[in-house]
Trainee: 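Okay, here's the structure, questions in a sec.
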Amino acid sequence: MKKLFAMALLSVVVLSQAYSKNKETNNKTEMKQTEEHYTFELSDKVTREKVTFKNRYGITLAGDLYLPKDRGTERLPALAISGPYGAVKEQSSGVYANQFTQRGFAVVAFDPSYTGESGGEPRNVASPDINTEDFSAAIDFLGIQPFVDREKVGIMGICGFGGMGLNAAAVDKRVKAIAVASMYDMSRVTARGYFDSMTPEQRSQMLEQLGEQRWKDVENGEPAYGAAGLPEADQLTGEEPEFVQGYVNYYKTERGFHPRSINSNDSWTATNSLSFMNMPLLTYINEISPRPVLIIAGENAHSRYFSEDAYKAANEPKELMIIPGAVHTDLYDKVDVIPFEKLELFFKENLK
């Protein structure tokens, strides 16, 4: 049963990338233009403005800069926020930014390279290297703002960008503290399957398929895109695993839908998995120490084991916080479940 469950997860989130559609039918290389839409209401204590900045590879990233309206004259502690994997800044990362800013932080929530309003071609590609760099580029941006204290800068990573954020904190000593919620290790789940259930034979077969897809892409002169990984909300039968229902109820409903979100109505390139197959993200997580790490996961989250294993691998100071009764997507936007008081205390104590 455990193996079947693991492979069901893998088929929805990872292996869907192997089934291709052409660009004409999916229109993946065009950045979708849409009316400004956020999945949450901006606090009347907060201002928000669109900003852009470049990463080390010259890709222009799009972000939202959140500032307290009554911030005074003192320079502020600051946070760079991104995630979940396949989401945009108008979704979960914006929810976190809105909450942190009410608590006195300057925050930039950003779209990773190749997604959302950020630049990069082809569209809908992820990379453990480039997406790690995206966090450091956000730190660059925050650190040159006159209202930010560059000695008090941290990272908040959500879902797959929790793993990217931890990797960024390990390599970028300017990051003074990091917290992650509902963390995914995208390289581990892609290369080894959920619960490390992928056999060597399955891994070899997957690499063979990805190699064949590369031939097709180069012959066509453009990348193919995978099938959408999630069913529509009205297609749910109630028999699906909780995690599938959770993703659908977030990404495919008014609660969390956004036209630019890959998880809402798009898909990754068919060869996207190649980026993660032999690039372990959390190899140097122990080198974040002596800077503190806070890892938050839901008690009933299918992804909980990623957080528990990351906690074991990290050195002190570290803390693992398990939210009773919570599932993976509860930590995307449920402000009554996400422990913002704990997060506020963690960053204010450590960004000093």
Trainee: Using a cut-off of 6.0 Å, state whether more than 12 heavy atoms not belonging to R48 lie near its atom CZ.
Mentor: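 Atom CZ in R48 is packed in, count exceeds 12.
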
Trainee: For S187 and D185, which I'm curious about, is there any donor-acceptor pair between the side chains at under 3.5 Å?
Mentor: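 Checked: S187/D185 side chains pair up, N/O donor to acceptor below 3.5 Å.
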
Trainee: Tell me if the CD atom of E219 is crowded by more than 12 foreign heavy atoms within 6.0 Å.
Mentor: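 Yes - once you tally the heavy atoms of other residues, nucleotides and ligands closer than 6.0 Å, there are more than 12.
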
Trainee: Calculate, to the nearest 0.5 Å, the distance between atoms NZ and CG belonging to K342 and L294 respectively.
Mentor: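 Reported to 0.5 Å precision, the distance equals 6.0 Å.
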
Trainee: Scan residues 199-220 for pairs that pass ring pair (Phe, Tyr, Trp, His ring centres under 6.0 Å), counting only residues two or more places apart or in two chains.
Mentor: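 Ring pair (Phe, Tyr, Trp, His ring centres under 6.0 Å) check on residues 199-220 returns no pairs.
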
Trainee: Of F346, Y66, F340, F100, which is the lone residue that meets ring-ring contact (aromatic ring centres under 6.0 Å, His included) with F105?
Mentor: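 Answer after filtering F346, Y66, F340, F100: F100.
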
Trainee: Has the side chain of K89 got a donor or acceptor atom that lies under 3.5 Å from a matching backbone atom of G63?
Mentor: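 Not confirmed, K89 side chain does not pair with G63 backbone.
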
Trainee: When you measure from the side chain of K348 to the backbone N and O of R103, does any donor-acceptor pair fall under 3.5 Å?
Mentor: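 Yes: the side chain of K348 pairs with the backbone of R103.
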
Trainee: Taking CD in E74 as the centre, count heavy atoms belonging to other residues, nucleotides or ligands within less than 6.0 Å. Is the count above 12?
Mentor: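 At most 12 heavy atoms, drawn from other residues, nucleotides or ligands, come within 6.0 Å of this atom.
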
Trainee: Hey, are D64 and Y38 close enough side-chain-wise for a donor-acceptor pair under 3.5 Å?
Mentor: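 D64 and Y38 do have a side-chain donor-acceptor pair below 3.5 Å.
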
Trainee: For D309, give me all partners under side chain to side chain donor-acceptor pair (under 3.5 Å), at least two apart in sequence or on another chain.
Mentor: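 Side chain to side chain donor-acceptor pair (under 3.5 Å) list for D309, sorted by chain: R188.
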
Trainee: Any donor and acceptor pair, going by atom type alone, linking the side chain of T283 with main-chain N or O of P280 inside 3.5 Å?
Mentor: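 A pair under 3.5 Å: yes.
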
Trainee: Using atom types as modelled and distance alone, determine if a side-chain donor or acceptor of S275 lies under 3.5 Å from a backbone N or O of A126.
Mentor: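 Between the backbone of A126 and the side chain of S275 there is a qualifying donor-acceptor contact (under 3.5 Å).
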
Trainee: Nearest 0.5 Å, what's the OG-CD distance between S264 and E232?
Mentor: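 Nearest 0.5 Å value for the OG-CD distance: 9.5 Å.
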
Trainee: Nearest heavy-atom pair of L282 and M183: which atoms, and what distance?
Mentor: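 Taking L282 first and M183 second, the nearest heavy atoms are CD1-CE, 4.1 Å.
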
Trainee: Between Q91 and G256 (side chain of the first, backbone of the second, donor and acceptor by atom type, cut-off under 3.5 Å), is there such a pair?
Mentor: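 It does hold such a pair.
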
Trainee: State, yes or no, whether a side-chain contact exists between V125 and P223 at a heavy-atom distance under 4.5 Å.
Mentor: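 No, side chains not in contact.
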
Trainee: So does E208 get a backbone contact from the side chain of E212, meaning a donor-acceptor N/O pair under 3.5 Å?
Mentor: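 Answer holds: no.
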
Trainee: How close do I296 and S307 get, counting heavy atoms only, and between which atoms?
Mentor: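 Looking at all heavy atoms of both residues, the shortest contact is O-OG, 4.2 Å.
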
Trainee: Give, for atom CE of M279 and atom CG of N167, the distance between the pair rounded to the nearest 0.5 Å.
Mentor: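 Those atoms lie 11.5 Å apart.
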
Trainee: Does Y284 have more than 12 heavy atoms from other residues, nucleotides or ligands lying within 6.0 Å of its OH?
Mentor: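 Check fails, neighbour count at 12 or below.
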
Trainee: The criterion is salt bridge (Lys or Arg N to Asp or Glu O under 4.0 Å); which residues satisfy it with R255, sequence neighbours excluded?
Mentor: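 With neighbours one apart ignored, the set is D333.
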
Trainee: Establish, yes or no, whether a centroid distance under 6.0 Å links the rings of F135 and F110.
Mentor: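 Close enough - the centres of the two rings lie under 6.0 Å apart.
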
Trainee: Strictly distance-based, threshold 3.5 Å: is any side-chain N or O of S197 a donor or acceptor partner for the main-chain N or O of G193?
Mentor: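 Checking the backbone N and O of G193 against the side chain of S197, no donor-acceptor pair under 3.5 Å is found.
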
Trainee: Looking only at heavy atoms, what is the nearest atom pair of T190 and M198, with distance?
Mentor: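 Where T190 meets M198 most closely, the heavy atoms are O-CE, 3.7 Å.
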
Trainee: Output, in order, the C-alpha distance, side-chain angles, deciding distance and verdict of ring pair (Phe, Tyr, Trp, His ring centres under 6.0 Å) for F195 and Y305.
Mentor: CA-CA 8 Å; F195 306 102; Y305 75 101; 4.7 Å; yes

Trainee: Can you name the closest pair of heavy atoms from A80 and L142 and give their distance?
Mentor: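 So the minimum-distance heavy-atom pair works out to N-CD1, 3.9 Å.
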
Trainee: A side-chain contact here means heavy atoms from C-beta on lying under 4.5 Å apart; do T329 and N249 qualify?
Mentor: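 Of all side-chain heavy-atom pairs linking N249 with T329, none is under 4.5 Å.
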
Trainee: Just distance, no hydrogens or angles: give the donor-acceptor pairs under 3.5 Å from side chains in residues 151-158, sequence neighbours left out.
Mentor:
none

Trainee: Taking salt bridge (Lys or Arg N to Asp or Glu O under 4.0 Å) as the test, write out the residues that go with E240, two or more places apart.
Mentor: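 In terms of salt bridge (Lys or Arg N to Asp or Glu O under 4.0 Å), with neighbours along the sequence ignored, E240 is linked to no residue.
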
Trainee: Verify the cluster assignment for V335 and I81: are they in a single hydrophobic cluster under the rule of side-chain heavy atoms below 4.5 Å apart?
Mentor: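 Yes; I81 is reachable from V335 via cluster members.
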
Trainee: Relative to the ring of Y247, is the ring of F243 parallel (under 30°), tilted (30 to 60°) or perpendicular (over 60°)?
Mentor: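 Plane angle over 60°, so perpendicular.
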
Trainee: Grouping I, L, V, M, F, W and Y whenever their side-chain heavy atoms are under 4.5 Å apart, do V88 and V248 come out in a common cluster?
Mentor: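 In one cluster with V88: V248, no.
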
Trainee: Side chains of residues 169-177: which donor-acceptor pairs under 3.5 Å do they make with residues two or more places apart or in other chains?
Mentor:
| residue | atom | partner | partner atom | Å |
| --- | --- | --- | --- | --- |
| D172 | OD1 | R174 | N | 3.1 |
| D172 | OD1 | R174 | NE | 2.9 |
| D172 | OD2 | S136 | OG | 2.8 |
| D172 | OD2 | R174 | NE | 3.4 |
| D172 | OD2 | R174 | NH2 | 2.8 |
| K173 | NZ | E287 | O | 3.2 |
| R174 | NH1 | D140 | OD1 | 2.7 |
| R174 | NH2 | S136 | O | 3.3 |
| R174 | NH2 | D140 | OD1 | 2.9 |

Trainee: Apply side chain to side chain donor-acceptor pair (under 3.5 Å) to Y332 and list each qualifying residue two or more places apart in sequence or on a separate chain.
Mentor: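 By the side chain to side chain donor-acceptor pair (under 3.5 Å) rule, Y332 matches H328.
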
Trainee: Answer yes or no: is there a donor N or O on one side and an acceptor on the other, between the side chain of R214 and the main chain of L210, under 3.5 Å?
Mentor: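 No; judged by distance alone, with no hydrogens or angles, the pair does not exist.
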
Trainee: Return the set of residues passing salt bridge (Lys or Arg N to Asp or Glu O under 4.0 Å) with D217 (not counting sequence neighbours), or none when no residue passes.
Mentor: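 D217 satisfies salt bridge (Lys or Arg N to Asp or Glu O under 4.0 Å) with no other residue.
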
Trainee: Would you call V293 and Y311 a side-chain contact if the rule is heavy atoms closer than 4.5 Å?
Mentor: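 They are not in side-chain contact.
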
Trainee: In terms of heavy-atom contacts, does CE of M321 have more than 12 from other residues, nucleotides or ligands at under 6.0 Å?
Mentor: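 Counting other residues, nucleotides and ligands, CE of M321 exceeds 12 neighbours.
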
Trainee: Using side chain to side chain donor-acceptor pair (under 3.5 Å) as the criterion, list what pairs up with N55, not counting sequence neighbours.
Mentor: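 Only S113, D134 meet the side chain to side chain donor-acceptor pair (under 3.5 Å) criterion with N55.
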
Trainee: For K54, is the NZ atom crowded, meaning more than 12 foreign heavy atoms sit under 6.0 Å from it?
Mentor: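 No, not enclosed.
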
Trainee: When you measure from the side chain of Y250 to the backbone N and O of S92, does any donor-acceptor pair fall under 3.5 Å?
Mentor: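 Pair found, side chain donor or acceptor close to backbone of S92.
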
Trainee: Which residue pairs pass the ring pair (Phe, Tyr, Trp, His ring centres under 6.0 Å) test with at least one member in residues 137-170, sequence neighbours excluded?
Mentor: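 Only F53-F141 qualify under ring pair (Phe, Tyr, Trp, His ring centres under 6.0 Å).
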
Trainee: When you compare the side chain of D70 with that of K45, does any pair of heavy atoms fall below 4.5 Å?
Mentor: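 They are not in side-chain contact.
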
Trainee: Is it true that M164 and V189 fall in one hydrophobic cluster, defined by side-chain heavy atoms closer than 4.5 Å?
Mentor: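 Yes; tracing contacts between hydrophobic side chains, which count when under 4.5 Å, links both residues.
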
Trainee: Decide yes or no on side-chain contact (heavy atoms from CB on, under 4.5 Å) for E36 and K50, but give the supporting numbers first.
Mentor: CA-CA 11 Å; E36 185 172 284; K50 290 189 175 295; 3.6 Å; yes

Trainee: How many angstroms lie between atom CD of Q145 and atom CG of L76, to the nearest 0.5 angstrom?
Mentor: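 Result: 11.0 Å between the selected atoms.
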
Trainee: According to side chain to side chain donor-acceptor pair (under 3.5 Å), who are the partners of Y251, at least two apart in sequence or on a separate chain?
Mentor: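 Residues passing side chain to side chain donor-acceptor pair (under 3.5 Å) with Y251: N263.
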
Trainee: Applying salt bridge (Lys or Arg N to Asp or Glu O under 4.0 Å), name anything that partners D129, two or more places apart in sequence or on another chain.
Mentor: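 Listed in chain order: nothing, the list is empty.
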
Trainee: Is a donor on one side and an acceptor on the other found under 3.5 Å between the side chain of N98 and the backbone of V95?
Mentor: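 A pair under 3.5 Å: no.
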
Trainee: Measure the CG-OG distance between D111 and S82 for me, rounded to the nearest 0.5 Å.
Mentor: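 With rounding to 0.5 Å, CG (D111) is 7.0 Å from OG (S82).
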
Trainee: Side chains of Y96 and L331, heavy atoms from C-beta outward: is any pair under 4.5 Å?
Mentor: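 Yes, their side chains come closer than 4.5 Å.
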
Trainee: To the nearest 0.5 Å, what is the distance between OG on S303 and CD on E308?
Mentor: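 S303 OG to E308 CD: 10.0 Å, rounded to 0.5 Å.
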
Trainee: Given Y184 and H302, is the ring pair (Phe, Tyr, Trp, His ring centres under 6.0 Å) satisfied, shown in steps?
Mentor: CA-CA 10 Å; Y184 255 60; H302 69 283; 5.7 Å; yes

